[in-house]
Protein chains: 2
Amino acid sequence: MKTADDIIDFILHGGEQYLPHLTIDSAIFGYHAQQLKILLVKLHGEDGWGLPGGFVKKQETFREAAGRILAERTGIENLFLQQFYAFGDSPYRRREQTVADLQKKVGPWLTITDDNWLLGRQISIGYYALVDFEQVSVQTDLLVEDYRWWDIQDLPHLLYDHNDMVNKALETIRLQLYHQPIGANLLPDKFTLPEIHILYETLLGKSLDRRNFPRKLFSLGLLNKLDQQRPIGPHRAPNLYEFNKANYQKALEEGIVLVM
Amino acid sequence: MKTADDIIDFILHGGEQYLPHLTIDSAIFGYHAQQLKILLVKLHGEDGWGLPGGFVKKQETFREAAGRILAERTGIENLFLQQFYAFGDSPYRRREQTVADLQKKVGPWLTITDDNWLLGRQISIGYYALVDFEQVSVQTDLLVEDYRWWDIQDLPHLLYDHNDMVNKALETIRLQLYHQPIGANLLPDKFTLPEIHILYETLLGKSLDRRNFPRKLFSLGLLNKLDQQRPIGPHRAPNLYEFNKANYQKALEEGIVLVM
DNA sequence: CCAAAAGTGTTGGAATTACACCCATGG
DNA sequence: CCATGGGTGTAATTCCAACACTTTTGG
């Protein structure tokens, strides 16, 4: 989706390639400077910020679509991606998109006819992703006017029902945190104990004991201690750790019970 | 949906009233004779058993649709209903329904044209419900040829991806059990400790200590002891309990942490 | 040598588990 | 009176939470 012609073709004939009335929207969480952030985009023709999203190709799985959309936006492939909810109930989504609505969005250069595939009620399936902030480089293009990482404490009013989506995604992540390990996709390969500690605190929104917290991860065999330190200015250099991939994978599949 | 004419109208013109390409399917669990059961239906024109489902009206929420479909099938209203997943990835769902497929299903009396609203890829949103087995009376009609409660241990091969749906629903319920109370909709208003005990064991698929189990429910204030017993043949009559509605509701909303 | 952050062990209390005997009932 | 299932308390253990001082580093 690069040139203006491509976009015109998408608006008029996208229905030949994509499923109509269904989008995937992704809450992409990244972690940086001890802050949990979420990636929002601003599209040309839209008035505010929203979650990055896209349509599902007719032969594609939801999962593949979510991965493709994410790769298009962030450049990262093979992410931890999880479906968290299907959205269709908000007043915005129950009101059908009319010819006039759509015409207003696309501007006067295109004429929308009443059989356009984008008309009607749109539902959305939400996926969340946890990414290493530093690996992401967002591409702006003819669709995406701007993008930005936002503190989740400090979100603006988002388009449509996207605030609901963010809240539901966070709620799901917090619950999942008690049954699955999280972090392998939010942190760099090698990280320090304070880093993962603050990550968990940020996700759960509460403070965790500095001495007890690592014990739980160790007792589950999730961490390997490395023989390296990271210099961090005029302070004691913290040790580096990595996830024990085998145990991490096992914990993902079989589930764990964490009490924090 | 009662007469043959209604059904013909539904097949030909349902798209005017319902959202195309989207169904709601419900995993309706009931509990009886110390067995967790699931309600399956067999539709006219289909070869096997599947979950009861239906379409969403254009102005209806998913939630309302799930409730309406459930009420139509079981006669129960105002149920505990929970969305658990959106299904669209299985090979069956990615293969589009063709004119020939649909024609075969509806039989030779109707002619399916290539603009029929039922053609194409169908996705489904799964809801689960927990119901009191005894309150349910299923109606057969021109669509539903037969219905039956099945032991979940003993399910047949279901239509399409419905086995996946049942498994995902069970998995979700088991996880939810640790964070929300369950039972008010599966048990009669008054029940005995052994009944709720075996219910939890059945849902979790593991045995729970007969003396420790009730203590947890009591410590959360979920149960009121009644001054009644239930005669059960030549044995000691077990006491009856009811849920403490206020605490139950609070636990539902705020969440709990159960370790079992 | 100083400021800032990392690292590390122990203890008291709470929560969880494990376990066995008596009671009530209807036939 | 007997077979069956219901009811109940305690002790041992494990798990969890709370807590403060020492070490390292660069400036």
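Per chain, numbering begins at 1; letters A, B, ... match sequence-line order.
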B:Tyr248 and ring pair (Phe, Tyr, Trp, His ring centres under 6.0 Å): which single residue from B:Phe80, B:Phe243, B:Tyr241 fits? B:Phe243
[atom1] of [X] versus [atom2] of [N]: gap in Å, rounded?
X	N	atom1	atom2	result
B:Ile196	D:dG6	CD1	C1'	16 Å
A:Arg236	C:dA6	CZ	P	10 Å
B:Ile232	C:dG26	CD1	P	10 Å
B:Glu195	D:dG5	CD	P	14 Å

Report yes if at least one side-chain N or O of A:Lys225 is closer than 4.0 Å to OP1 or OP2 of C:dA6; otherwise report no.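 Negative; the distance criterion is not met.
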Any luck finding a side-chain donor-acceptor pair between A:Tyr85 and A:Glu171 under 3.5 Å?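 No, because no side-chain N or O of A:Tyr85 sits under 3.5 Å from a partner of the opposite role on A:Glu171.
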Check whether the side chains of B:Glu46 and B:Tyr160 place a donor and an acceptor atom closer than 3.5 Å, and report yes or no.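 Looking only at side-chain atoms, B:Tyr160 and B:Glu46 do form a donor-acceptor pair, the distance falling under 3.5 Å.
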Going through the distances and angles, do B:Leu51 and B:Leu40 end up as a side chain to side chain contact (heavy atoms under 4.5 Å, CB included)? CA-CA 5 Å; B:Leu51 297 177; B:Leu40 299 179; 3.7 Å; yes
Rounded distance [0.5 Å steps], CD1 in A:Ile38 versus CD1 in A:Ile152: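 The distance works out to 7.5 Å.
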By the 4.0 Å heavy-atom rule, please label A:Pro194 as base, sugar-phosphate, or nothing. sugar-phosphate
When the nearest nucleotide of DNA chain C is assigned to B:Pro234 and to A:Ala237 on a heavy-atom basis, which residue is associated with the more 5' position?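 Mapping each residue to its closest nucleotide by heavy atoms, the 5'-most match is A:Ala237.
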Listed in order of residue number, which residues of residues 200-220 of chain B have a non-hydrogen atom at under 4.0 Å from DNA chain D? B:Arg210, B:Arg211, B:Arg215
Under 3.5 Å, side chain of B:Arg73 to main-chain N/O of B:Val138, donor-acceptor pair present? no
Pair of N/O donor and acceptor under 3.5 Å linking D:dT4 base with B:His235 side chain: yes
